[in-house]
Structure formats: structure tokens, C-alpha cells
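Throughout, residue positions are numbered sequentially from 1 according to the sequence presented.
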Amino acid sequence: CNGSDARLQKDDVDICFSKTLNSCKVPQIRYASVERLLERLTDLRFLSIDFLNTFLHTYRIFTTATVVMDKLADIYKKPFTSIPVRSLELFFASSQGPWGCEQLNNKSPRLSRKFSSAPPLCVASLTASPVHSRKLSLSSPVGGVRAGTLDSSPPPTCPRAPLNLSWGPSSPELGPSAEGSRCAMSPASAFAIATAAAGHTGLQGQPVPPHKSHDKEFLIRRAATNRVLNVLRHWVSKHAQDFDTNRELKSGVITLLEEVLRDPDLLSQERKATANILSALSQEEPEDSQLKIQDILQLAEYPRAECFESLSAMELAEQITLLDHVVFKSIPYEEFLGQGWMKVNKNEKTPYIMKTSQHFNDMSNLVASQIMTHADANSRASSIEKWLAVADICRCLNNFNGVLEIMSALNRSAIYRLKKTWAKVCKQTKALMDRLQKIVSSEGRFKNLRETLKNCNPPCVPYLGLYLTDLAFIEEGTPNFTEEGLVNFSKMRMISHIIREIRQFQQAPYRIEHQPKVTQFLLDKSLVMDEDTLYELSLKIEPRLPPAN
């Protein structure tokens, strides 16, 4: 990568860069017009997983799926009129081929799609959809040549030496370039990689004409299709719910891919790559043996089959964790955009975030209500000790949401004021409560919980309120657009990083066997009392002491 090339990072009226450098020593985009962001998405010189994830997580804020698809279709069908001249010039400026820095004319006489482009490079990412990921295998590069791989981890230093035609199928892997960087690959080299598999033959054993390796338009078309398929592959496989909820978008992608398949000059690997994306789009959602949120709603309708005393702390902690994770993973990532959970119509805008919040309150109410059902102080103390044992097991299971559900119940005024009850709770349990309270304390914007989450391995159920607080802080402190109408892409990147962390926890399932008898107890609403009823009962159990004279 040549991060020192000023032409790749120079500010102008509709894009500017921050002083933050990525691993290729190139500034990240700070502000840009929608058109420049779409240009960057399809630019032949750039390959950045960070930019791609940020764009696909947040594009709803500044554009629409239809606009994005129109851009991708234009790049595929009319690359010479859709790709800016500066991009084409720089694409060939790094070429080892015969053209060097020759000026290009984007008024190509051949505007209709005639030639195919290189198959998509492998795009690997840890951010699978919280609902499900499409099974999409496009990772095998053409001809055994390991093409440049995108990854969500910080990219290593990009190779400085350009590819050359002498590299064969055992060539070293191309390092991923970071946002705003340019990997110096000559068009002739790209062509060699794309055709290495078939021994430079096309479909049905037809040889690719040798002169095509020096056909400027042919190489640009190959690179353009490479980028379009790359974006679509990542979009379909890692953001599948976009297509489940938007039939128009799904139809548009299918139409474009079917047009690609009709290209008579497609190589076999290109055809296979396109067919794989189509197959992923058309496949039904696989049967998931995991408990779903619909199952929880159904279970809540049945009377409880067990009582608290008959269930072990381990059973309770495991089933609380399973329920918490099912509710948490059901939240689609678009609900995290725009603070919909704080709006008047929050139940319509963010129904799954509101379900998660309601489930937290229901579980916390259950704990408090169960403690208050005991008439004598010894029984209440035993109940508190058992619930704290449940909370500690939840901690061991990385269910910090469950820990907070129980801690919030014990810290309610109706429970906390019961001095006679707390006097009978053993010292070890009180010490355990202090340790758990310290982990999930909101002090310092959940400083301790953040540190714990950073060091824990999924599966995990974080406390959703932590992320909602962060998102609210970003939304309220920074506008989406500058006064000049440029998208605040630094803000989009911050939002995307939070969403990526949430999705990382959403997609790692717990291997806990569902026990309906336990979950029916946990979801039984007949046991739950509201806040006023709980406090009235608390006063009845342990009346206020008369004021001292």
C-alpha cells in the first residue's frame, strides 16, 4: 500500500479525513458526501472491512438500500461512466503494464456490459447477523491463488511490492488494505490471478484470448465486477436480515445477479461465485434448535410447574441465562440507530429493545416478589442467599444481565429496608453481594463491567443498558451531518463499533439444555407484584420504627 500518495487522501469540498491513521498510515474518512461514500464503497483501489462494516451498519441514517443498489448496478453495467476518472487514473497509475499513468477517458464507446470481471475476494468477518447468517462459501480464490482477504481484525502492514505475473498458484497472500489505502496491484496481475485456475481458459474450456490481458476496458470491467460481487457477498452473508425485511432490495439484488449470470464471457469461478450469492438469498432460514423469543412468549402462557424451593441455584441460573440470551439476540441491529427506544412511539420503532427491557423488569420483579412471599425473616434471608448464589453462577456463565436483574431486585427499597431480614443473611453472602455489586455498578459509566466484558470470552449476555447509554451519548453529542451537508462518518464509525460488539455477543450461542419446568416458573406472571404492592407488603412485614423521642 502506498499511503503516502497524496491523491488518495487529499481533502476537497465533499470529503475530508481525520488525523487518525490506520495501520497503513492513511487517514480515516471524517466527513464525506453520500456520493463520495458510495464512490468509496465501489472504488477499485480500496479494500477495507472497517469501511464496509461501518457503511452497511449505518447506511440507513444517510441513504437508502435502493440508492446503494442503484450504485452497485451502475458500477457493474457502466464502469467507465460510473467510476470517476481519478479512480481509473490511479488504478492504472500503479500498473506495471504498458499504459503507466496515461490519462483515461470515461466516455467509453462500449457502454453495454460485455466482459466479466474478477471473482470476489474473500471477505471474512466476525460480525454475523444476530438473527442468522446466510451460508455462503465464496472464500476459495480462483485457481488456488490466495487473493487478498478482508478481516475485521486490525490489518497488518500492507505489502509494498506490487504483484507481478511471475507469481503462480503458490503466491503469498495479499495483506488487507485499510480504509483509504491503495494496494499496488497491476491490472495485468489481477487478470492473471483471476484466470490462473482454468489455465487461462474460459467457460466450457474456451481459452481466454491472450490480448485481453492488455485490454484496458476488459481489466476495468473485471475489477468493477470484483468489487460489486464482493460488496454483495458481504452484505448478503453478514447482514441477511436486510433482505428478509426488504423485499424490494432482495428482488433488486436477484435481478442484478441474474444479469451477471447471463454474461456469455463469465469464467467458471465467476459464475460459481454469483450463483452462490443467489443461492444464499433464496435459501430458507435454517431450522434453529435454539430457543426463540416466540417460544418464551408461549411458555409464559402456561402455569408454572415448579416452585422456587424445588429448583436448584444452578437450574435457575442456567435457564435465566438461556432466556436472557434468547431475548438479547433477537434485537435486529437497525433498532440501535436513531435512539428509537427514547421516542414516543418506541414500541413501534424498537419493539425488540422494548421486549428486552420488559424482560429485565419482569425478572427483577420476580426475584423481589419471590422474596416477599415469605412471612418470616429466616425464610426471606434464605431466599436472598439462594438468589445471590444464582447471581454468582450467572456471573460465571458471563450473564451480566442476569447478575443485574437480581442485584436490582435486592437493591429495591421494598427489599433493602428489611433490616431484620438482612441481619439473618450470613456474612459470606453479604461479601458476595458486595463483589457482584462492584462488577455491575454504574459508577464511572459501568467502568468495571466494561473491563469485565473486554476480558470475557463469548457466549455472554451483556447489560444492554450499557450500550444504549453509549449510543445515546454519541447521538446527543454529535450531529449526523455537517452544516455543509456532509455525512459525519466518524460518528457512523463509532456507532458501528458498538453494534459490532453487540452482534459478537448475539451470535455466540449458549450450550444450555432448555428445561421448560424451570422457564415456566421464571415466566409466571401470577407470582409477580408491582412496585407499590411490594412496598406495602414490606411495610406490613417490617413496620417502620416509631421516631425516637
Side-chain angles (χ1 to χ4, degrees), residues 1 8 29 35-56 59 65 67-92 94-95 104 106 108 113 115-125 136 138-139 141-142 147-151 158 163 174 176-187 189-191 193-194 216-239 252-253 256-257 259-260 263 266-267 269-271 273-274 276-277:
C1 297
L8 293 173
I29 297 174
E35 184 55 39
R36 287 298 288 270
L37 291 175
L38 289 168
E39 176 187 316
R40 185 59 59 99
L41 182 71
T42 54
D43 197 309
L44 305 185
R45 302 161 294 155
F46 302 103
L47 202 63
S48 166
I49 192 65
D50 181 65
F51 176 85
L52 191 53
N53 272 325
T54 298
F55 187 95
L56 291 176
Y59 70 85
V67 171
V68 178
M69 270 309 302
D70 287 347
K71 181 67 173 181
L72 292 175
D74 280 346
I75 293 296
Y76 169 73
K77 296 174 184 177
K78 300 176 292 184
F80 272 83
T81 55
S82 301
I83 299 173
V85 173
R86 60 177 174 271
S87 295
L88 298 179
E89 289 175 347
L90 286 170
F91 180 75
F92 282 99
S94 63
S95 173
L104 298 175
N106 71 346
S108 170
R113 188 73 192 178
F115 298 111
S116 59
S117 296
L121 300 176
C122 168
V123 184
S125 173
L136 191 55
L138 298 184
S139 58
V142 181
T149 303
L150 288 179
D151 192 87
C158 294
L163 286 177
L174 291 175
S177 79
E179 180 181 307
S181 62
R182 173 171 62 91
C183 284
M185 180 194 300
S186 74
S189 301
F191 176 81
I193 289 176
K216 196 183 326 183
E217 181 174 350
F218 176 70
L219 294 173
I220 285 291
R221 290 187 184 281
R222 297 188 70 86
T225 297
N226 174 77
R227 174 43 55 93
V228 170
L229 290 180
N230 217 349
V231 172
L232 289 178
R233 176 211 181 273
H234 189 81
W235 198 355
V236 170
S237 64
K238 304 303 180 185
H239 301 260
V253 174
L256 178 60
L257 292 173
E259 181 174 342
V260 174
D263 183 348
L266 273 185
L267 299 180
Q269 288 293 333
E270 295 174 311
R271 185 174 298 278
T274 306
N276 280 348
I277 304 176

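Expressed to the nearest 0.5 Å, how far CD of Glu39 lies from CD1 of Ile83 amounts to 9.5 Å. Taken to the nearest 0.5 Å, the CZ atom of Phe51 stands 9.0 Å off from the CG atom of Leu56. Taking CD1 of Ile75 as the start and CG of Asp70 as the end, the distance is 12.0 Å to the nearest 0.5 Å.
Under the 4.5 Å side-chain criterion, counting only non-hydrogen atoms from C-beta, Val68 is in contact with Phe55. Side-chain contact between Leu256 and Val228 is present, with heavy atoms from C-beta onward closer than 4.5 Å.
For Val253, the side-chain contact (heavy atoms from CB on, under 4.5 Å) criterion is met by Met69, Leu232, Phe243, Leu249, Leu257, Leu281, not counting sequence neighbours.
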Item to check | Chi angles and distances behind the side-chain contact (heavy atoms from CB on, under 4.5 Å) call for Leu229, Ile277 | outcome: CA-CA 8 Å; Leu229 290 180; Ile277 304 176; 4.1 Å; yes

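Under a 3.5 Å cut-off, the side chain of Arg227 and the backbone N or O of Asp43 do form a donor-acceptor pair. Distance alone, capped at 3.5 Å, is enough to place a donor-acceptor pair between the Ser82 side chain and the Asp74 backbone.
Ionic pairing of Lys71 and Glu35 is present here: one or more N-O contacts between side-chain nitrogen and carboxylate oxygen are shorter than 4.0 angstrom.
When all heavy atoms of Leu72 and Trp235 are compared, the closest pair comes out as CD1-CZ3, 4.2 Å.
Relative ring orientation between His234 and His239 is described as tilted, the plane-to-plane angle lying within the 30° to 60° band.
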